[in-house]
Amino acid sequence: MPELPEVETIRAGLTPLVVGREIRELHIHHPRLRWVIPAEQLTKETVGQTIRAIKRRGKYLLLACGSGHILIHLGMSGRLQRVVANAPNAPHDHVVWLLDDGYQLRLNDPRRFGAVLWVEGEWRDHFLLAKLGPEPLETDFHAEYLHQQTRNRRIAIKHLLMNGAVVVGVGNIYASEALFLAKVHPALLAKELSKTQCAALVVAVKQVLNAAIAQGGTTLRDYRQSNGQPGYFAIELQVYGRAQKPCLTCATPIQSYVSGQRSTFYCPLCQPRPPEIEEMLR
DNA sequence: ACGCCCTCCTGTTGGC
DNA sequence: TGCCAACAGGAGGGCG
C-alpha cells in the first residue's frame, strides 16, 4: 500500500514524465471510488490543458493543471502509472489520461479506496486538505509541537500519530516502526508522554520515513514502481508483521494486539509501559 | 473538542 | 483440491 514514501517516490518519478504534457483525453471507466469522480468538471477543466507540476501533501497528489489541481489519493491499493497509449486496459484501470506524447497516465485501484477530484483555485482550502497537520519531514514537525499536541489527549500515542490533523503521512505500519525506534509503547496515552519521549518520537518518524524514501519508496508488501518495474528492497521492519518473532534488538518475542481494527506490533522489553498503565489495562 | 466506531472494497490468507 | 469466511487497511463522517 502506498504510504508517504511511496507517494513521494511516485511524485518524483512521474514529474519528468508528465510535467509539460498536455491532456488530450480523459476516460473514466469506473467513477465510483472513495467519492464519485466529477467526470464532466474534470473534462471541462483539464482536457486541452498542460500539467504544470505534481505536488504532494501527505499522501495526496496534486497535478497543477488549468485553473486548479487534479487531486489524487491512492487509498490502499492505488497505482498511478505511465504506460504507452496502445497498451491494453488492465482490470481496475479506472481512470486514464491520454497525453500528447503517445503515453497514458493510468490510475489502477482494485479496492477503490482512492480518489480523483477537481480542486478549483487555492488547493490548501480544499476540504480534504485544509485541516491537515504538518508534513513529518518539514521543520515545523518538531518535539515542542508534538508535545503540545499530546497534552490532555486521552488517546493511545499510536492513534495520535496516525491522525492526519496532528501529522500527515504516518500510517499503521510506520507508526509501529517509529514507536519501536523511539522506545515508546504504542498504547501509552498521549498525555503521558514526556518532552524527551516526544523528541525521540519526532526523530524516529523522520528517520523511518527518510529511510524508506532513500530506498525508493519501498512498500512493505508487494509494490511496483510507477513505470511498472518491480523493484526496491523491502525496508527492514523491526516490529510490523513480526509477532512472536524475536526482537532484532533484544530477542524478546514481538507482541501484537488489535486496536481500532488496526494491528499493532511492539517489543515488550524495548518499549516498556509504566506500571500504572499496565495496571489500568489489566 | 474529543474519542469511538462504522464504512467503503476486493485480493489474499487460512481453516476445514 | 475447493470453498468460504475472516482479514487488512486510509481516512472521512456520524454520533455521543
Side-chain angles (χ1 to χ4, degrees), chain A residues 1-8 10-11 28-38 56-62 71-80 90-95 107-117 119 125-136 146 148-178 186-193 205 209 212 217-224 234 237 239-244 256-265 277 280-281:
Chain A
M1 66 229 69
E3 307 245 353
L4 186 146
E6 288 72 48
V7 176
E8 174 56 24
I10 289 167
R11 188 203 63 75
I28 297 170
H29 302 303
H30 200 316
R32 293 180 60 88
L33 301 186
R34 180 72 165 84
W35 291 276
V36 174
I37 300 173
R56 180 188 59 76
R57 179 75 173 100
K59 298 176 190 171
Y60 291 95
L61 287 169
L62 292 142
L71 179 67
I72 299 175
H73 195 287
L74 299 176
M76 298 221 19
S77 57
R79 287 179 182 169
L80 196 57
H92 311 300
D93 276 345
H94 303 316
V95 185
L107 177 69
N108 183 284
D109 186 7
R111 289 183 221 180
R112 292 194 268 132
F113 278 19
V116 178
L117 297 171
V119 182
D125 298 333
H126 189 266
F127 79 101
L128 290 173
L129 309 173
K131 294 174 183 171
L132 293 180
E135 288 284 330
L146 183 60
Q148 178 257 318
Q149 288 289 312
T150 55
R151 293 309 85 188
N152 302 319
R153 300 290 297 272
R154 297 185 55 82
I155 186 177
I157 184 59
K158 173 162 176 276
H159 294 312
L160 186 99
L161 273 185
M162 292 168 61
N163 181 349
V166 174
V167 60
V168 296
V170 182
N172 193 44
I173 295 166
Y174 291 133
S176 278
E177 292 297 307
L188 191 61
L189 294 185
K191 69 192 190 80
E192 310 289 351
L193 263 77
V205 166
L209 294 180
T218 301
T219 294
L220 312 167
R221 303 267 166 107
D222 53 337
Y223 171 66
R224 293 187 191 154
L237 295 177
V239 289
Y240 186 85
R242 299 194 64 246
Q244 308 309 321
S256 71
Y257 63 94
V258 174
S259 174
Q261 291 158 328
R262 297 289 178 273
S263 51
T264 302
F265 301 85
I277 304 281
M280 274 173 52
L281 292 173

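So that the names make sense, note that chain A is the first sequence line, chain B the second, and so on, each numbered from 1. Keep in mind that the numbers below use all heavy atoms, side chains included, and drop hydrogens, waters and symmetry copies.
Note on the helix from B/dC2-C/dG16 to B/dC16-C/dG2: terminal axis deviation equals 50°, with five pairs used at each end and the result rounded to 10°.
Residue A/K131 contributes atom NZ, which lies 21 Å from atom P of C/dG10 at whole-angstrom precision. One interatomic measurement links the two molecules: NZ of A/K59 to P of C/dG12, which rounds to 10 Å at whole-angstrom precision. Between A/R34 atom CZ and B/dC6 atom P there is a gap of 16 Å when expressed in whole angstrom units. Computed from coordinates, the A/R112 CZ to B/dT7 P distance equals 17 Å when rounded to whole Å. For A/N163 and C/dG10, the CG to C1' distance is 12 Å, given to the nearest whole Å. When the P atom of B/dT10 is taken as reference, atom NE2 of A/H30 falls 7 Å away, rounded to whole Å. Distance CZ (A/R111) to P (C/dA11): 14 Å, rounded to an integer number of Å. One interatomic measurement links the two molecules: CE of A/M76 to P of B/dC9, which rounds to 14 Å at whole-angstrom precision.
Side-chain atoms of A/H92 lie closest to B/dG11 of the nucleotides B/dC9, C/dG12, B/dG11.
Across A/I72, A/I37, A/L128, a single residue satisfies side-chain contact (heavy atoms from CB on, under 4.5 Å) together with A/L117, and that is A/L128.
We find that the ring of A/F113 and the base of C/dG10 stack, their centres lying under 5.5 angstrom apart and their planes tilted less than 30°.
A/R151 places no side-chain N or O within donor-acceptor distance of the main-chain N or O of A/R153, the cut-off being under 3.5 Å. A donor-acceptor pair under 3.5 Å links the side-chain atoms of A/N108 to the main chain of A/P91, judged by distance alone.
Using a 4.5 Å cut-off on side-chain heavy atoms (C-beta onward), A/R34 and A/H73 make no contact.
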For nucleotides 1-5 of chain B, print each protein N/O atom paired with a nucleotide N/O atom at under 3.5 Å, atom names and distance only.
{"from": "B/dG3", "atom 1": "OP1", "to": "A/R154", "atom 2": "N", "distance (Å)": "2.6"}
{"from": "B/dG3", "atom 1": "OP2", "to": "A/R153", "atom 2": "NE", "distance (Å)": "2.5"}
{"from": "B/dG3", "atom 1": "OP2", "to": "A/R153", "atom 2": "NH2", "distance (Å)": "2.8"}

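Nearest heavy-atom pair across A/P136 and A/V205 is CB-CG1, 3.9 Å. The shortest non-hydrogen separation linking A/M162 to A/A175 is CG-CB, 3.9 Å. Minimum heavy-atom separation, A/H94 to A/D109: NE2-O, 2.8 Å.
The environment of CG in A/D125 is crowded: more than 12 heavy-atom neighbours from other residues, nucleotides or ligands sit within 6.0 Å.
Using a 4.0 Å heavy-atom cutoff across all strands shown, A/L128 reaches sugar-phosphate atoms only and no base atom. Residue A/S77 is out of contact with every strand shown, counting any heavy-atom pair closer than 4.0 Å. Looking at heavy-atom distances under 4.0 Å, A/R262 makes contact with a base.
Scanning for salt bridge (Lys or Arg N to Asp or Glu O under 4.0 Å) contacts around A/R57 gives A/E135, with sequence neighbours left out.
A/Y174 has no side-chain polar atom (N or O) that falls below the 4.0 Å cut-off from OP1 or OP2 of C/dG10.
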